[in-house]
Amino acid sequence: MTSTDPTAQSSEAPAPPPGCPAHRSGELPHGGDHVSPLAVPLSGPRFYNEPNLLYQEMRREHGAVAPIVLEGGVPAWLVLGYRELHQVAADPVLFTRDSEIWNQWDRVPEDWPLAPLIGRGQPSILYTTGERHRLRAAMISDALESVDPFEIRQHAERLADELIDDFCAEGGADVIARYAMPFPVRVLAKIYGFPDEQGPGLAAAAIDLSDGGDLAQAAQAHLAGATAALMAERRAGDGPRDVAAQLVGNTLGFTEEEVLHDLIVLVIAGHTLTADWIGNSLRLMFTDERFVMSLAGGRKSVSEAMNEVLWEDTPAQNGVGRWASRDTTLGNRRIKAGDMVCLGLAAANKDPRIRPDGSRLTGGNNAFLSFGHGEHRCPVAAQEIAETIARTAIEVLLDRLPDIDLAIPAEELTRRPSPWARGMTTLPVHFTPTPAMSERAG
C-alpha cells in the first residue's frame with residue numbers, strides 16, 4: 001500500500017535544523033487538519049522487510065511517539081516506547097477505544113481499506129468501553145474457557161498429521177501455504193463450531209482482513225456470512241456445545257450483531273496471529289544458530305523459539321487504535337482530542353530503555369506486549385488456545401520430519417506486505433521423504 005497524501009515523506013526525511021522549535025521541544029504539527037511533513041507512512045517495503053531498523057530510525061528522529069500517515073494520507077500517532085504504550089493501554093478513559101470521537105472521519109472514504117480494522121460504529125468488543133466491555137470480555141472468556149485443553153491438543157495433533165501426510169512423501173514443501181496457514185483455522189473451526197470445509201475460505205478472509213489491503217472489505221463480508229450461518233444453526237439448537245453455542249446461549253443482553261462481530265474477531269485474531277506465530281517460529285529455528293543446533297533436541301527449544309518470536313518478531317506488529325478523549329501529552333508530544341494513537345507493539349518490545357542488550361535470548365521472560373496490555377489485552381484463555389495450537393503444530397512437524405531444513409537462503413525469504421501483522425509469504429523446506437501415517441498403519 002502506498003499513501004496518496006502529497007505531504008507524506010520517506011522515513012528517512014532529514015531532521016529539522018537544531019534551532020527549530022519543533023526540534024527543541026519534540027513537537028510537530030500533526031493531527032486535526034495538519035499532517036507533519038516528517039510523518040512516516042505506515043506502509044511500504046521498509047515496514048514489511050526491515051521494520052526493526054525503521055523503528056530505530058523513527059525512535060531516533062521522533063522519540064517514543066512518532067507521527068505517521070495511514071493509507072489515504074490520514075494522520076495518526078505511533079507509540080514506539082514500552083512505558084508509553086503501557087500508559088496508553090492502561091488508561092481506557094484518556095485513550096479510549098471509542099472510535100466515534102476520531103477527528104479524521106471527514107477524510108475517510110467509504111471504501112477505505114482500513115475501514116474493517118477501524119470501522120465507525122463497529123459493534124465488536126474491540127470498540128466497547130467501560131462496564132459493557134468488562135461484561136463482554138467475561139462472556140467471551142467463559143466461552144473460551146469451556147473448551148477442554150486436552151481436546152484442543154487432540155484435534156491439533158490429528159489435523160497436523162493430516163496436513164503433513166499430504167506432503168511428507170515429496171521431500172519438500174512450502175510449510176506456510178501447506179501447513180502453517182491452513183492449520184490454526186482448522187483447529188479453531190472444530191472448537192468454534194464452523195464446518196471443516198469452510199476452513200480454507202475462513203483462513204484466506206482472516207488474512208486479507210487483518211492485512212488491511214484492497215481485499216479487506218470482501219473478506220469482512222465473507223466472514224460475516226459464514227458466522228451468521230453458524231449462529232443461526234446454534235440458535236436452532238443444532239450442533240454441539242462449542243464456542244458459538246456458548247456465546248449464542250449466554251449473550252448477557254448483547255445483541256445478535258454484537259455477538260456475531262465478536263465471533264469474527266475470535267476467528268481473525270485466533271487464526272491469523274497463530275499462523276504467523278507458527279511460521280515465524282519455524283523461520284527462527286531454521287535460520288538462527290542459537291536454535292538450529294537444537295532442532296532435534298526436544299521440547300525446550302520449541303518453547304524458547306516461540307517466546308523469542310513474541311519479543312523479536314511478533315505477529316502483532318502494530319495495533320489500531322486508541323483515541324485521545326482530550327488534549328494531552330504523551331512522550332513529549334502534544335496529542336489533540338480525537339487524535340488516533342496506534343500501538344507499536346513490535347517497536348515497544350525492542351525499546352532500548354527496557355532492553356539495552358537486545359541480542360540476548362529472552363528466556364522465559366513474558367513481559368512482551370505481543371498480546372496487548374490493559375483491559376483490551378487478548379484474553380488469557382485465547383492466549384492459551386493459540387499457544388497450544390502453535391506449539392502442537394511445530395512439535396508434530398519436527399517429530400514427523402526430524403531433518404527438515406530451509407531450502408533457500410534465509411535472505412531470500414519475504415514477508416506479507418502488512419504493517420499490522422507480520423508473517424512469512426513462503427517458507428520452502430526440504431527433508432527426507434517419509435510415508436504418510438495412513439500408509440504406515442496399513
Side-chain angles (χ1 to χ4, degrees), residues 26-36 39-40 42 55 58-59 62-70 74-108 114-115 117-137 212 265 269 314 316-349 351 353-354 367-379 419-420:
E27 309 260 343
L28 291 170
H30 197 69
D33 295 327
H34 303 285
V35 178
S36 165
V40 180
L42 199 69
Y55 295 142
M58 293 172 71
R59 188 177 282 112
H62 301 293
V65 180
I68 58 173
V69 181
L70 302 177
V74 180
W77 299 98
L78 182 65
V79 184
L80 305 168
Y82 189 96
R83 296 186 183 96
E84 288 76 13
L85 197 149
H86 259 258
Q87 179 182 343
V88 170
D91 192 342
V93 175
L94 178 55
F95 295 101
T96 179
R97 286 288 277 169
D98 182 4
S99 62
E100 290 293 324
I101 71 171
W102 193 18
N103 56 27
Q104 296 298 312
W105 280 121
D106 59 345
R107 300 181 61 168
V108 175
L114 296 182
L117 291 178
I118 298 172
R120 192 171 199 174
Q122 191 179 112
S124 79
I125 187 174
L126 297 179
Y127 298 93
T128 306
T129 60
E131 183 60 25
R132 281 182 60 81
H133 176 271
R134 285 185 282 276
L135 284 172
R136 205 162 173 179
V265 168
T314 176
Q317 286 283 295
N318 298 300
V320 290
R322 303 291 192 273
W323 288 267
S325 59
R326 58 174 171 79
D327 290 357
T328 188
T329 300
L330 178 69
N332 295 322
R333 296 287 190 203
R334 289 182 183 174
I335 310 297
K336 294 182 179 180
D339 279 2
M340 181 195 289
V341 176
C342 297
L343 305 183
L345 303 172
N349 280 346
D351 187 339
R353 293 178 299 173
I354 60 109
F368 45 74
L369 296 169
S370 299
F371 292 114
H373 179 67
E375 66 176 31
H376 281 275
R377 177 184 175 93
C378 178
W420 310 105

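Given the structure is predicted, the values throughout are model-derived calculations rather than measurements. The first residue in the sequence is number 1, and the count goes up from there.
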What's the spacing between [X] [atom1] and [Y] [atom2] if we round to 0.5 Å?
X	Y	atom1	atom2	value
T129	D98	OG1	CG	6.0 Å
Q317	S370	CD	OG	9.0 Å
S325	F95	OG	CZ	8.0 Å
I335	D327	CD1	CG	9.5 Å
M340	L70	CE	CG	5.5 Å
T96	Y127	OG1	OH	11.5 Å

Between [X] and [Y], which heavy-atom pair has the shortest distance, and what is it?
X	Y	result
R333	V65	NE-O, 3.0 Å
I101	A324	CD1-O, 3.5 Å
A348	R59	N-NH2, 4.4 Å

Min side-chain heavy-atom separation [X]-[Y] under 4.5 Å:
X	Y	result
W77	D339	yes
L80	H62	no
R83	R353	yes

Working note: L345 + F368, criterion side chain to side chain contact (heavy atoms under 4.5 Å, CB included); need CA distance, chi angles, decisive distance, verdict. CA-CA 8 Å; L345 303 172; F368 45 74; over 6 Å; no

The test is side chain to side chain contact (heavy atoms under 4.5 Å, CB included); show your working for R322 and L94 and say whether it passes. CA-CA 9 Å; R322 303 291 192 273; L94 178 55; over 6 Å; no

Identify the residue among H133, H376, R136, R97 that makes a side-chain hydrogen bond (donor to acceptor under 3.5 Å, both in side chains) with T128. R136

Output yes when a side-chain donor or acceptor of [X] lies under 3.5 Å from a complementary backbone atom of [Y], and no otherwise.
X	Y	answer
R134	E375	no
W323	N103	no
N318	P419	yes

Side chain to side chain donor-acceptor pair (under 3.5 Å) between N349 and Y55, worked out: CA-CA 11 Å; N349 280 346; Y55 295 142; over 6 Å; no

From the options L78, L85, V320, select the one residue that forms a side-chain contact (heavy atoms from CB on, under 4.5 Å) with L343. L85

